[in-house]
There are 2 protein chains.
Amino acid sequence: MATIYDVSIMAGVSLATVSRVMNNNTKVSDKTKQKVLDAMQALGYRPNTIAQSLASNRSNSVGVLVSQLDGPFYGPMMTEIETALRSANKHVIIASGHSDEKQEKEGVEFLMSRGCDALILDVEAVSDQYLIELSQGSTPVVFINRYIDAIKERCVYLENEMGGYLATQHILSLGHKALAYISGPLFKLDARDRLQGHKRALAEFNIAFDPELCVESNFREFGGSDAMEHLLSLNKPITAVVCANDQMASGAISVCLARGLRVPDDISFIGYDNIPFPQYISPKLSTVSNPINEMGKMAARWVLQQVYNDKNVVVESSFQPELFIRDSSQALALSNVNANTP
Amino acid sequence: MATIYDVSIMAGVSLATVSRVMNNNTKVSDKTKQKVLDAMQALGYRPNTIAQSLASNRSNSVGVLVSQLDGPFYGPMMTEIETALRSANKHVIIASGHSDEKQEKEGVEFLMSRGCDALILDVEAVSDQYLIELSQGSTPVVFINRYIDAIKERCVYLENEMGGYLATQHILSLGHKALAYISGPLFKLDARDRLQGHKRALAEFNIAFDPELCVESNFREFGGSDAMEHLLSLNKPITAVVCANDQMASGAISVCLARGLRVPDDISFIGYDNIPFPQYISPKLSTVSNPINEMGKMAARWVLQQVYNDKNVVVESSFQPELFIRDSSQALALSNVNANTP
DNA sequence: CTGTTAGCGCCTTCAA
DNA sequence: TTGAAGGCGCTAACAG
């Protein structure tokens with residue numbers, strides 16, 4: 001592999017000059033620049049990024065830590081991050097934290113020790129305080145899916161409370177009064193916010209929140225199934241179920257269908273996230289959007305702007321959820337008020 | 001940030017000794033080792049991986065190139081790769097090739113220029129020849145989801161032909177004779193192999209392959225929908241549809257349901273891949289497994305073994321698909337032979 | 001077992 | 001505009 005030294009010899013210039021044309025910071029005369037370019041071409045020269053990093057104290061890499069690599073979220077988010085960053089010739093190093101405090105911290109440590117120029121974190125288990133301290137360190141950090149007031153300028157987040165409100169409001173405006181709620185894990189901020197939005201809508205419609213009809217689950221399909229089994233075992237009237245994400249909604253619906261309940265005739269459902277798959281199931285799931293891909297893009301832009309001084313990008317930090325009404329929710333018919341109470 | 005130099009001063013030893021205890025290659029007396037460890041602890045020392053890489057000519061990073069970052073595949077695969085590699089303190093750099101030859105080659109270039117110690121590639125558009133040449137270069141490369149005879153020892157792949165055979169054989173053994181097939185893009189090897197398995201099963205049951213009932217699609221949900229619309233527009237009897245992946249199957253099923261066809265009563269379906277989601281839809285999708293996560297793990301192990309000399313791992317290169325019979329396929333009843341012909 | 005001494009390939013003042 | 005020279009933090013012979 002040719003080095004900068006080989007190039008300098010061949011072009012008859014100094015190392016410094018070669019370095020200059022590579023980074024075209026300083027002025028180099030067109031003539032020498034051309035000589036250097038020719039030499040590079042001839043030798044098939046490729047700069048050694050490791051050496052560049054060591055000398056310049058910049059790795060051109062940004063670390064991304066997400067809670068989990070699989071599932072419908074991480075992919076779209078990564079797609080945007082990778083695209084945005086690679087077009088600026090930066091690369092992405094990934095790690096996952098598994099929603100566990102220890103693992104999340106280890107992931108951060110790991111990425112920092114790799115000399116990342118910046119970190120994009122989608123973490124759930126670590127405390128606000130930890131993140132605040134982290135953001136005071138020398139490595140710039142931006143957070144996805146998290147809002148911390150003290151460092152809000154580095155948070156890219158969805159208005160989850162509003163989303164929870166929208167979902168429930170939609171159901172209520174359809175005339176439903178006997179609602180159940182399947183929540184995500186309440187140690188996660190988004191789950192708490194969505195639930196809070198749910199409660200706000202209930203209050204607005206003067207409907208009491210029944211803690212027994214609110215089940216805390218895990219954001220997974222099987223979690224939704226389990227929660228639904230539990231809800232049905234209560235033998236309370238339920239005409240609609242608001243789910244904190246689409247995956248749980250799908251799991252819950254599958255349980256109902258298996259028991260012969262018709263959706264939405266006997267029981268309505270609404271999810272959250274608007275992931276692609278449930279748009280292809282029967283019935284198509286009503287839901288609230290979660291533009292995770294846009295948020296990934298924004299986080300990448302934040303890094304480009306703050307760390308790599310790209311002046312051409314604007315960053316938006318707050319995203320609004322949007323209601324998508326499809327086929328799993330319908331107006332309450334008198335006939336089904338007690339549909340699933342024996 | 002403390003450097004190795006600071007540690008050496010504090011511990012009262014040389015740079016080399018500090019380096020030695022870090023890499024514990026050579027023997028160091030317990031006493032000095034402890035002094036060094038203490039000093040490291042006291043200074044909160046973290047080795048600079050960039051400098052390590054430059055000096056050792058090893059980046060401890062492995063590049064992973066996949067065709068797409070979103071969708072139900074990449075996640076599980078990455079999960080395993082990241083877990084396996086991180087536990088060996090290696091990191092993964094990702095890039096995506098979007099099933100496009102140019103982008104795939106760029107991705108490879110990109111990862112190589114980042115000094116990756118090895119590459120794990122899940123590429124579809126580049127030629128066998130290109131990959132053969134690539135594997136002769138100095139950077140070790142392993143391929144997922146691809147079988148090339150000349151370099152089979154670095155291929156981790158699924159027996160797709162067998163999977164295609166199994167799926168179709170299941171349907172045929174249920175008595176179906178009027179089968180349609182929704183294929184993936186035929187420039188992709190896995191799509192071709194699955195189709196070939198399909199044909200083999202047909203031949204075994206003495207059923208002619210009808211090209212008109214074989215639609216080439218794109219492995220996506222909406223592609224499955226489009227393909228199904230087309231098939232139905234043919235007004236030919238169809239009692240079962242074999243789909244080259246679960247996503248297309250889901251899209252196709254949604255079209256049928258929307259038209260009032262009952263699945264599986266009027267028409268049976270089988271997919272391929274066994275992704276989680278269709279297990280929660282109605283009807284639960286029969287399918288063939290594609291252990292992409294296992295394949296990711298194997299690729300990572302291959303790297304650990306070949307590049308980082310880990311003797312404790314064994315690598316398996318060929319994976320067998322397995323049939324999962326669920327609710328979307330059922331025995332042909334005489335009543336539905338012409339179900340969807342008007 | 002430990003220290004000395006060159007680099008790894010490149011960037012970046014400082015002079016010229 | 002260009003060149004010389006000193007690192008960046010660490011590894012890897014080579015001695016001792």
Side-chain angles (χ1 to χ4, degrees), chain A residues 1-40 43-61 89 112-117 138-139 308-309, chain B residues 1-40 43-61 89 112-117 138-139 308-309:
Chain A
M1 207 63 197
T3 75
I4 195 175
Y5 179 77
D6 303 321
V7 176
S8 77
I9 298 291
M10 185 161 199
V13 297
S14 72
L15 295 178
T17 301
V18 178
S19 175
R20 287 187 184 105
V21 347
M22 288 178 48
N23 306 299
N24 56 261
N25 303 321
T26 344
K27 281 268 133 254
V28 179
S29 78
D30 286 352
K31 204 161 62 191
T32 43
K33 175 187 268 184
Q34 196 53 53
K35 282 193 301 189
V36 172
L37 259 20
D38 290 346
M40 285 180 170
L43 286 98
Y45 171 73
R46 297 213 147 278
N48 177 322
T49 57
I50 307 265
Q52 284 179 316
S53 298
L54 184 60
S56 65
N57 199 28
R58 213 169 228 215
S59 66
N60 288 315
S61 70
N89 215 33
M112 306 257 284
S113 80
R114 289 298 173 178
C116 293
D117 295 334
S138 56
T139 306
Y308 299 118
N309 305 313
Chain B
M1 208 62 197
T3 74
I4 194 175
Y5 180 75
D6 303 321
V7 176
S8 78
I9 297 291
M10 185 160 199
V13 298
S14 71
L15 293 180
T17 301
V18 177
S19 175
R20 286 187 186 106
V21 348
M22 289 178 47
N23 307 301
N24 56 261
N25 303 321
T26 343
K27 280 269 133 251
V28 179
S29 78
D30 286 351
K31 206 162 60 189
T32 44
K33 176 187 268 184
Q34 197 52 53
K35 282 194 299 187
V36 172
L37 258 20
D38 290 347
M40 285 180 168
L43 285 96
Y45 171 73
R46 298 217 144 274
N48 178 322
T49 58
I50 308 267
Q52 285 179 314
S53 299
L54 184 59
S56 65
N57 196 29
R58 209 170 231 215
S59 67
N60 288 314
S61 70
N89 214 31
M112 306 257 285
S113 80
R114 290 302 178 171
C116 293
D117 296 334
S138 56
T139 305
Y308 299 118
N309 305 312

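Worth saying up front: this structure is predicted, and the values here are computed from it rather than measured. Just so we're on the same page: letters track the sequence lines, and every chain starts at 1.
Per the geometry, CD1 belonging to A:Ile50 stands 11 Å off P belonging to C:dG9, to the nearest Å. Atom P of nucleotide C:dG9 and atom CG of A:Leu54 are separated by 12 Å, given to the nearest angstrom. When the P atom of C:dC1 is taken as reference, atom NZ of B:Lys35 falls 15 Å away, rounded to whole Å. Following rounding to the nearest Å, B:Asp30 (CG) and C:dC1 (P) show an atom-to-atom distance of 9 Å. Atom CG of B:Asn48 and atom C1' of D:dC8 are 8 Å apart (whole Å). At whole-Å resolution of the value, CZ in B:Arg46 and P in D:dC8 are 21 Å apart. Regarding A:Ile4, its CD1 atom lies at a distance of 18 Å from the P atom of C:dG7, rounded to whole Å. Following rounding to the nearest Å, B:Ile9 (CD1) and C:dG3 (P) show an atom-to-atom distance of 11 Å.
Contact annotation: B:Ser19 side-chain N/O to D:dC10 OP1/OP2 distance is not under 4.0 Å. For B:Asn23 and D:dT11, the shortest distance from a side-chain N or O to OP1 or OP2 is below 4.0 Å. Within the structure, a side-chain polar atom (N or O) of A:Gln52 is placed less than 4.0 Å from OP1 or OP2 of C:dC11. Contact check, A:Ser14 against D:dA4: no side-chain N or O comes under 4.0 Å of OP1 or OP2. In this model, the phosphate group of D:dC8 is not approached by any side-chain N or O of B:Thr3 to a distance below 4.0 Å at OP1 or OP2. Phosphate contact (OP1/OP2 of C:dC11, side-chain N/O of A:Ser56, threshold under 4.0 Å): absent. Here B:Tyr5 does not reach the OP1 or OP2 of D:dT11: none of its side-chain N or O atoms lies under 4.0 Å away. Put simply, B:Thr32 has no side-chain N or O that comes within less than 4.0 Å of OP1 or OP2 on C:dC1.
For A:Ala55, the listed nucleotide lying nearest its side chain is D:dC8; candidates were D:dC8, C:dC8, C:dG3. Closest to the B:Lys27 side chain, of the nucleotides C:dC1, D:dC8, D:dC10, is C:dC1. Residue B:Ser29 has its side chain nearest to C:dC1 when only C:dC1, C:dC11, C:dG7 are considered.
Residue B:Asn309 places its CG atom among more than 12 non-hydrogen atoms of other residues, nucleotides or ligands, all under 6.0 Å distant. Atom CG of A:Asp38 is surrounded by more than 12 heavy atoms from other residues, nucleotides or ligands within 6.0 Å.
For the atom pair CD1 (B:Ile50) and CG (B:Asn60), the distance works out to 11.0 Å, reported to the nearest 0.5 Å. Distance check, rounded to the nearest 0.5 Å: CG of B:Leu54 to OG1 of A:Thr49 gives 10.0 Å. If you take CG on B:Asp30 and CG on B:Leu37, they are separated by 10.5 Å, rounding to the nearest 0.5 Å.
Within 4.0 Å of A:Asn57, counting heavy atoms only, lies no atom of the nucleic acid at all. Across all strands shown, B:Val18 has no heavy atoms under 4.0 Å from either base or sugar-phosphate atoms.
A residue-by-residue look at B:Leu15 and A:Ala51 shows that B:Leu15 has its nearest nucleotide of DNA chain C further toward the 5' end. If B:Arg20 and A:Pro47 are placed on DNA chain C by their nearest nucleotide, the residue sitting closer to the 5' end is B:Arg20.
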- Task: Evaluate the criterion side-chain contact (heavy atoms from CB on, under 4.5 Å) for residue pair B:Thr3 and B:Asn48; output intermediate values, then yes/no.
- Result: CA-CA 8 Å; B:Thr3 74; B:Asn48 178 322; over 6 Å; no
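The C1' atoms of five pairs define one axis at each end of the helix from C:dC1-D:dG16 to C:dA16-D:dT1, and these two axes lie 30° apart (to 10°).
Looking only at side-chain heavy atoms (C-beta outward), A:Met10 and A:Tyr45 stay at 4.5 Å or farther from each other.
Looking only at distances, a side-chain donor or acceptor of A:Ser56 sits under 3.5 Å from a matching main-chain atom of A:Gln52.
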